[in-house]
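Here is the structure we will look at.
Numbering starts at 1 and runs along the sequence shown. Start at 1 and go down the list; that is how both ligands and their atoms are numbered.
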Amino acid sequence: MTQSSPAIVWFREDLRLTDNPALQAAVSSGRPLVLLYIHDEETKGLRKLGGASKWWLDKSLKALAADIEDAGAQLTLRSGKSADVLDQVIEETGAEAIFWNRRYEKPERDLDAAIKEDLKSRGLSVSSYNARLLNEPWDIETNAGGYYKVFTPYWKSASQNYRPAPTLGKASALSSREVKSEKLKDWDLHPSGPDWSTGFDDHWTPGEAGAIQRLKDFLDGPVNGYKKNRNRPDLDDSTSGLSPHLRFGEIGPAQIWRAVQAGMESGQVNESDGRNFLSEVGWREFSYTLLYYNPDIATENYNDSFQHMPWRTDSFAYEAWTKGQTGYPIVDAGMRQLWHTGWMHNRVRMIVASFLTKHLLLPWQKGEAWFWDTLVDADHANNPASWQWTAGSGADAAPYFRIFNPITQGEKFDETGDYVRTWCPELKDLPLKHLHAPWEADDATLEKAGVKLGDTYPKPIVEHSDARQRALDAYDTLKKKR
Ligand code: FAD
């Protein structure tokens, strides 16, 4: 059925043309399209993007606009309160239908629900879809009802029940209405004064084509060995690097699922590596369930007893952590990788998060906020859920008394030392034996490697066993209050 009044496709966290259900439904409606992205920094309650996410969004929108142009249409950019912008665009175009893919953060859900109710009351048709998850949070329930609070049974149920819909393919031959658009560069998403993002370009190709290529490259090789190598930050491509692409919806988990299944069926992907990789995608799904049922997960302890945790305040220690100047090489390498590339290997994220919350006894919210600002994959669900998991306050969390030893973690997972040598080049000439604990090297070894502790590289800001004991004592006070 062809209809003459336009349909708005409201792009949000789904910046792709392939396998995009809202876009495909709008195309199938036969209406001319208004392809709209709203940069909303004004609606109260929405979490503002961090700096690294803005960097990514800038490039991702550029790529989306180019892809849409190739398909014969135009991406319209507007900024302001989403509800107001939609009203303006509806008035300018006479649109009678609107399509979007669903979001799961509480303020966004409330906003979408209010907009839906208002538009429907004015006679517009509003349709929403799932483009972001394999299973939406309410799809997977325990036998007793309610959501799973432990990952293993969650994923067993979620993966067994999941049947991917056939792919929707790539939307092409789009026809859009000419609508006035703002200029992307006027949104100042790219950092200036100073531009701290110069290292990002070497690592990333934001946009749908970059996402699809990264998945292909990963499945063409590195996936085989994932189970063994995924904890090795010193190896290139030990993980997929898909997280920022997933964050901005340049690729959806269903596309990943289908590609991995096809690879396992054809024999290109080892069964155990493929399943292990999909289960990591499952952790993302689990995080979204936690976010959906615990809307304050980025600020409030999932486990209430942590409200009594005697966290410290220590701006010197916090700053040393953010700058990669703690004196623990694996921690410093991670924090510097984050600063230079907007990303950090998962194993190292766990080490630096444990160091902040346990060795430094600083609240997990401080780390979550730093990651939110500096990660290109900073995610509403994964970031707070993972921080709480590491801190011990989260769902299915590591027990608090399991405190990562940053020296042995470095020795075990940065086995070659290449990771520390890359990100802490001032230590590169130290023998492997001392690389993860330079203060244990004798003076002659340090001198030969050109390392002057406290000068070219910091002395440890806390002593490991004292800090460990302090963390355990703090945790004991919680147990007494229970
Ligand atoms: P791969 O190993 O290739 O995994 C594929 C995909 O599975 C990832 O892209 C991601 O979407 C998902 N995934 C993998 N591991 C996890 C995990 N432990 N939890 C949830 N999902 C996972 N991930 C984010 O996407 N955004 C964040 O803001 C974020 N913050 C984190 C903070 C901390 C303190 C920790 C410990 C982990 C955090 N993670 C976050 C999870 C994980 O570190 C990243 O998803 C992973 O490092 C991304 O790299 P990759 O795409 O190469 O992962």
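- At a 4.0 Å heavy-atom cut-off, the residues surrounding ligand 1 are Y226, T239, S240, G241, L242, S243, L246, F277, E280, V281, W283, R284, W343, M344, N346, R349, M350, A353, F371, L375, D377, A378, D379, N382, N383, S386, W387, T390, listed by chain and number.
- The minimum heavy-atom distance between W321 and T326, with the atom names listed, is CA-CG2, 3.7 Å.
- With sequence neighbours left out, N270 forms a side-chain contact (heavy atoms from CB on, under 4.5 Å) with N224, D273.
- Contacts classified as salt bridge (Lys or Arg N to Asp or Glu O under 4.0 Å) and involving residues 326-348 (residues at least two apart or in different chains) are given here: R336-E426.
- Between Y292 and Y104, the ring planes lie perpendicular to each other; the angle is over 60°, past the 30° to 60° tilted range.
- Of the charged side-chain nitrogens involved, at least one lies within less than 4.0 Å of a carboxylate oxygen, so that D110 and K106 count as a salt-bridged pair.
- Under the side-chain contact (heavy atoms from CB on, under 4.5 Å) criterion, T408 pairs with N405, E411, sequence neighbours left out.
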